[in-house]
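Worksheet: the structure to be examined is printed underneath.
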Protein chains: 2
Amino acid sequence: MTEFEEIKKTLLTIYPFSEEHLKIFTDKLSLKEIKKKDFLLKQNQICNHIAFIIRGSFRLYQKTEQNELTIQFFTEKNWVSDLESLMLKQPSKNYIEANENSKIATISLLDIHNLMEIDSSFSMLNSLIANLTFPTTQISTLKLKSPDKRYEHLLLNNPDWINRFPQMQIASYLGITPETLSRVRARIN
Amino acid sequence: MTEFEEIKKTLLTIYPFSEEHLKIFTDKLSLKEIKKKDFLLKQNQICNHIAFIIRGSFRLYQKTEQNELTIQFFTEKNWVSDLESLMLKQPSKNYIEANENSKIATISLLDIHNLMEIDSSFSMLNSLIANLTFPTTQISTLKLKSPDKRYEHLLLNNPDWINRFPQMQIASYLGITPETLSRVRARIN
DNA sequence: CTCTTCAATTGATTACAATCAAGAAATCAA
DNA sequence: TTGATTTCTTGATTGTAATCAATTGAAGAG
């Protein structure tokens, strides 16, 4: 299972787990195929898994009256979840939708907690969960508001997103209208 | 130590710890007085503690070229820390400054991890850490941009902040200028 | 208590992104 | 492949928050 190797690699960046421990962890994983436009999570569901993206991409967003508000994108070799719902065990405000046909490996929070009881070194999996997303950066870029600056910031930090996700979604992520994004792109390129 | 009672109460909201466990936890706490304008954390320091606010308030902010950008406020009976620096063990981008003379009880992340090794029920302390702040809500309110709406949202959710923190800081938190905030207030009241 | 400094208000002007609208391009379904 | 639907681009206009500026008000130092 070469796909588990990638997962083990990400685990080793947070803690020097033994091969044995890694095996115990990966044994808890379930592989799943998710078709484009299918949901990993819907509003009001309580999120109780985290998923490693083997292939494909996802988008976390909220539905407002007449819009979708994109909070975050996730691509392969990263973990995806709704941290807030997961940790607070609350119904989610968000949708997590596959933007492409994707393959993921999921593990439940319960399993993670059980692993922690088996062996304290698994406590380090917390960092894994905590790593999921720190939107602080997003908050500051939103407030340093110039659309051009925000787009440049994206170009610098997540250049791959730009050709991978529809501009409507990128615009929503940046907190601007699609028209403005189009003009920003014309201006900058 | 009646101040520890408040802390125990917050712990019990996340997990039914025994009185004995609560004692083990509170024994790790150190009490500190922090004067107004003193720092709990400065930029580039690695945050390795979390602090319970017994009395007073704090502000987490970034310094930009010529501005301060307020990310979050914290008041008594809540935990304060820089989640990102804490979990990723990275130099912080932020300052955490006392807005008033304050009294806190701190515990190191190391101590928390040690507790987890002693007894797996302490693994539940993760939720404590995770609880620190979920800025997702902030992101959506920033994008649903009308200053009036943002202020109303604040009035609804954190009315106490409004008379407690300077309007410059509130404005920065809302991502608007002080002038605009002043006008919003005149409009709404 | 007074003086100084910093914060908040109010006004006038400007800049710029949202909105409205229409056409071009790309994506999707049959 | 074709047609239908959605997304993207480009233009013209409008609304609104930022900026600049001046005054009032509050807080802090001595």
Side-chain angles (χ1 to χ4, degrees), chain A residues 35-38 56-57 59 61 63-70 73 97-102 138-155 161-189, chain B residues 35-38 56-57 59 61 63-70 73 97-102 138-155 161-189:
Chain A
K35 289 233 173 70
K36 182 171 179 170
K37 299 207 173 181
D38 276 357
S57 60
R59 180 171 64 108
Y61 64 92
K63 276 205 177 123
T64 67
E65 306 77 67
Q66 52 246 24
N67 272 316
E68 289 178 357
L69 196 150
T70 298
F73 297 107
E97 184 182 325
N99 257 49
E100 305 167 295
N101 294 331
S102 303
Q138 253 191 83
I139 293 173
S140 45
T141 45
L142 279 175
K143 290 187 191 168
L144 305 172
K145 61 214 154 316
S146 139
D148 294 65
K149 290 266 168 57
R150 295 189 213 174
Y151 185 73
E152 280 166 10
H153 189 268
L154 189 70
L155 266 174
W161 290 4
I162 288 163
N163 294 313
R164 192 154 181 189
F165 300 106
Q167 285 179 214
M168 300 184 67
Q169 295 178 12
I170 302 267
S172 165
Y173 173 76
L174 295 175
I176 58 180
T177 60
E179 291 96 325
T180 298
L181 177 57
S182 177
R183 283 185 249 261
V184 168
R185 287 163 60 87
R187 216 174 295 158
I188 285 177
N189 297 329
Chain B
K35 288 232 175 70
K36 182 170 179 172
K37 299 207 175 181
D38 276 357
S57 60
R59 179 170 65 107
Y61 64 92
K63 275 205 178 121
T64 69
E65 307 78 66
Q66 52 245 25
N67 272 316
E68 288 179 355
L69 196 150
T70 298
F73 297 106
E97 184 183 326
N99 257 48
E100 305 168 295
N101 294 331
S102 302
Q138 253 190 84
I139 293 175
S140 45
T141 45
L142 279 174
K143 290 186 191 168
L144 305 173
K145 65 217 151 315
S146 140
D148 294 64
K149 290 266 168 57
R150 294 189 213 174
Y151 184 73
E152 280 165 10
H153 190 267
L154 189 70
L155 265 174
W161 290 4
I162 289 163
N163 294 313
R164 191 152 180 191
F165 300 107
Q167 284 179 213
M168 301 185 67
Q169 295 179 11
I170 301 267
S172 165
Y173 173 77
L174 294 175
I176 58 180
T177 60
E179 292 96 326
T180 298
L181 178 57
S182 176
R183 283 183 248 261
V184 168
R185 287 163 59 86
R187 215 175 297 157
I188 284 177
N189 297 330

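The chains referred to below are lettered A, B, ... by the order of the sequence lines, with proteins before strands, and numbering in each begins at 1.
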Check nucleotides 28-30 of chain D for protein N or O atoms closer than 3.5 Å to its own N or O atoms and list the pairs.
none

Nearest heavy-atom neighbours spanning [X] and [Y]:
{"X": "B:Ser172", "Y": "B:Glu68", "result": "OG-O, 3.2 Å"}
{"X": "A:Phe165", "Y": "A:Asn99", "result": "CD2-ND2, 3.0 Å"}
{"X": "A:Lys35", "Y": "A:Ala98", "result": "O-CB, 3.6 Å"}
{"X": "B:Ser102", "Y": "B:Ser57", "result": "OG-N, 3.2 Å"}
{"X": "B:Glu97", "Y": "B:Lys37", "result": "OE2-CA, 3.5 Å"}
{"X": "A:Leu155", "Y": "A:Ile162", "result": "CD2-CD1, 3.4 Å"}

Which value, rounded to the nearest 0.5 Å, describes the distance between B:His153 atom NE2 and B:Arg150 atom CZ?
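Between atom NE2 of B:His153 and atom CZ of B:Arg150 there are 11.5 Å.
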
Could you grab the distance from atom CZ of B:Phe73 to atom CD of B:Gln169, nearest 0.5 Å is fine?
5.0 Å

Show which side-chain atoms of residues 173-183 of chain B pair as donor or acceptor with protein atoms under 3.5 Å away, not counting sequence neighbours.
residue  : atom : partner  : partner atom : Å
B:Thr177 : OG1  : B:Thr180 : N            : 3.3
B:Thr177 : OG1  : B:Thr180 : OG1          : 3.0

Can you pull every protein N or O that's under 3.5 Å from an N or O on nucleotides 10-12 of chain D?
residue : atom : partner  : partner atom : Å
D:dG11  : N7   : A:Arg183 : NH1          : 2.9
D:dG11  : O6   : A:Arg183 : NH2          : 3.3

Mind checking if B:Ile176 touches a base, just sugar-phosphate, or nothing, with heavy atoms under 4.0 Å?
sugar-phosphate

Residues from residues 165-175 of chain A lying under 4.0 Å of DNA chain D - heavy atoms:
A:Pro166, A:Gln167, A:Met168

Let me test you: for the helix from C:dC1-D:dG30 to C:dA30-D:dT1, what is the angle between the axes at its two ends (five pairs each), rounded to 10 degrees?
70°

Mark yes or no for whether A:Thr70, through its side chain, and A:Tyr61, through its backbone, hold a donor-acceptor pair below 3.5 Å.
no

Contact interval (first through last nucleotide) of DNA chain C with protein chain A, 4.0 Å heavy-atom
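First and last nucleotides in contact are C:dA17 to C:dC28.
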
Rounded to the nearest angstrom, tell me the gap between atom CZ in B:Arg150 and atom P in D:dT16.
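After rounding, the reported distance stands at 14 Å.
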
